[in-house]
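When a ligand or atom number is given, it counts from 1 through the structure's own listing order.
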Amino acid sequence: MAIIETYDLVQRYKNGKQALNGFNMMVAEGEIFSLLGPNGAGKSTLINILTTYLKPTSGKILIQGMDLNCHADEVRCIIACVAQQLSIDTHLSLTDNMLFQSQLYKIPKQAAIKRMNELINAFDLAPFKEYAVSSYSGGVKRRLDVALNMMSNPKILFLDEPTVGMDVCSRRQMWQMMRKIRDEFKTTIFLTTHYLEEAENLSDTICIMKEGKALIQDSPQALRAVIHQEYLQIQFDTKQTANKYLKPFKQCFTNQQAMLNDAAVMLHTQNSHFDMEKALSLILTQKIPCLGIQIVQPSLEDVFVRLTAEQEAGK
Ligand SMILES: Nc1ncnc2c1ncn2[C@@H]1O[C@H](COP(=O)(O)OP(=O)(O)OP(=O)(O)O)[C@@H](O)[C@H]1O
């Protein structure tokens with residue numbers, strides 16, 4: 001079931017810039033939905049509109065079936081938004097921060113304490129209760145910020161680049177937290193990110209947008225399949241050896257693109273099993289000393305680059 005739907009959304013700023021240009025999207029309830037796009041694509045504009053900070057110029061938005069245009073107050077009660085700037089107060093303790101948040105949502109004290117303890121346990125924040133919030137690392141501050149926003153038990157949690165600038169460990173902890181929010185708290189997550197690896201690892205659905213329009217929306221697996229861009233990777237011990245044997249591959253696969261990628265020869269293929277047999281036969285007959293051969297699926301990065309470049313070329 002859809003929890004967010006947008007129809008022909010347009011946002012024109014006062015300076016004439018059209019940041020959204022007929023944007024259509026559907027987010028399913030209970031999923032992690034990632035919005036990807038190059039700088040200036042309109043991601044922040046969209047998140048500002050969905051979280052009711054900005055009114056669109058035109059178009060329709062339904063959130064849990066409610067038209068945002070006439071039910072903004074009701075929608076605000078079921079969403080929470082973690083912006084890039086932290087909303088925690090570093091002068092308060094971890095628990096005071098969480099209880100303060102509950103007062104903003106007028107949650108009764110007993111219920112707030114119960115909810116707070118549940119979140120502290122779920123997100124492994126208990127060891128930090130003893131310390132001043134100002135002393136927390138950036139990653140823990142951000143986890144606390146997300147926990148604060150879960151106090152109101154939102155149906156949808158918006159996260160604007162939640163792991164920007166984080167080290168690998170903190171990023172993985174944040175991913176674990178997001179999965180828990182989806183799986184245990186049944187909250188739908190809508191996030192923007194510039195990290196393709198993050199979108200690929202976490203998301204049930206990815207939407208790639210550019211110049212105010214959604215180019216495509218699908219599961220990470222389905223997105224990788226759309227560009228039909230498999231490679232055969234023939235691995236050598238060094239770049240020099242790979243370079244030495246590039247020529248026979250180029251001669252054998254005249255219609256396909258053969259290129260070097262570090263210590264490997266990469267062959268673009270439309271029919272990987274047929275070309276695998278052809279490559280193996282070449283390797284055996286010419287005694288090419290490769291270490292291995294494998295079929296490589298396109299990465300999300302390949303998809304992103306291809307789709308955004310195609311749109312640029314006006315295809
Ligand atoms: N308040 C504003 N007034 C005028 N133009 C704006 C305003 N806010 C954003 N824009 C323009 O609208 C377009 C979309 O901006 P937006 O910030 O939504 O993109 P974004 O995808 O979030 O980019 P980034 O990844 O760089 O944060 C850009 O060209 C931007 O310059």
Side-chain angles (χ1 to χ4, degrees), residues 4-27 31-61 63 68-69 72 75-76 79-87 138 141-142 145-146 149 156-166 170-171 174-175 178 188-203 205-218 220 223 299-314:
I4 308 176
E5 296 157 84
T6 73
Y7 298 98
D8 296 324
L9 214 51
V10 170
Q11 173 60 31
R12 200 173 302 109
Y13 286 111
K14 281 194 186 120
N15 64 358
K17 173 76 202 175
Q18 189 146 322
L20 295 180
N21 187 15
F23 185 88
N24 294 300
M25 170 193 80
M26 201 275 283
V27 179
E31 72 173 343
I32 298 182
F33 184 100
S34 295
L35 184 66
L36 291 175
N39 291 123
K43 302 180 296 295
S44 303
T45 300
L46 179 66
I47 229 173
N48 284 339
I49 290 175
L50 296 176
T51 52
T52 76
Y53 287 110
L54 192 63
K55 252 186 178 294
T57 310
S58 63
K60 185 171 175 179
I61 303 166
I63 294 195
L68 197 57
N69 199 24
V75 166
R76 272 184 217 114
I79 65 171
C81 181
V82 183
Q84 282 186 41
Q85 264 118 2
L86 292 172
S87 62
K141 278 185 185 148
R142 207 162 267 274
D145 201 14
V146 175
N149 281 283
I156 309 168
L157 182 65
F158 291 91
L159 298 152
D160 196 5
E161 297 196 35
T163 62
V164 73
M166 276 187 184
S170 305
R171 177 165 299 152
M174 182 58 94
W175 290 357
M178 287 192 241
T188 304
I189 293 189
F190 182 102
L191 68 103
T192 66
T193 181
H194 278 291
Y195 300 119
L196 295 168
E197 186 208 356
E198 175 162 285
E200 191 154 26
N201 260 300
L202 260 185
S203 324
T205 303
I206 293 173
C207 174
I208 300 179
M209 74 178 295
K210 188 168 179 213
E211 291 173 6
K213 274 197 163 149
L215 302 182
I216 198 162
Q217 175 187 323
D218 220 320
L223 286 190
S299 67
L300 188 58
E301 190 169 324
D302 295 324
V303 179
F304 184 85
V305 170
R306 175 80 78 88
L307 290 177
T308 52
E310 275 180 3
Q311 203 247 1
E312 200 134 272

Just checking, is any N or O donor in the side chain of [X] or [Y] under 3.5 Å from an acceptor N or O on the other one?
X	Y	result
Thr52	Arg76	yes
Thr192	Glu161	no
Lys55	Asn69	yes

Original post:
In terms of the angle between their ring planes, are Phe33 and Phe190 parallel, tilted or perpendicular, with boundaries placed at 30° and 60°?
Top reply: parallel
**OP:** List the steps and the verdict of side-chain hydrogen bond (donor to acceptor under 3.5 Å, both in side chains) for Thr193 and Glu198.
**Re:** CA-CA 8 Å; Thr193 181; Glu198 175 162 285; 2.9 Å; yes
Original post:
Is there side-chain contact between Asn149 and Cys81, with heavy atoms separated by less than 4.5 Å?
Top reply: no
Ligand 1 N/O to protein N/O, distances under 3.5 Å:
| from | atom 1 | to | atom 2 | distance (Å) |
| --- | --- | --- | --- | --- |
| ligand 1 | 18 (O) | Thr45 | N | 2.9 |
| ligand 1 | 18 (O) | Thr45 | OG1 | 2.5 |
| ligand 1 | 19 (O) | Gly42 | N | 3.2 |
| ligand 1 | 21 (O) | Ala41 | N | 3.1 |
| ligand 1 | 21 (O) | Gly42 | N | 2.9 |
| ligand 1 | 21 (O) | Lys43 | N | 2.9 |
| ligand 1 | 21 (O) | Lys43 | NZ | 2.9 |
| ligand 1 | 22 (O) | Ser44 | N | 2.8 |
| ligand 1 | 22 (O) | Ser44 | OG | 2.7 |
| ligand 1 | 23 (O) | Gly40 | N | 2.8 |
| ligand 1 | 25 (O) | Asn39 | ND2 | 3.3 |
| ligand 1 | 25 (O) | Lys43 | NZ | 2.8 |
| ligand 1 | 25 (O) | His194 | NE2 | 3.0 |
| ligand 1 | 26 (O) | Asn39 | ND2 | 2.9 |

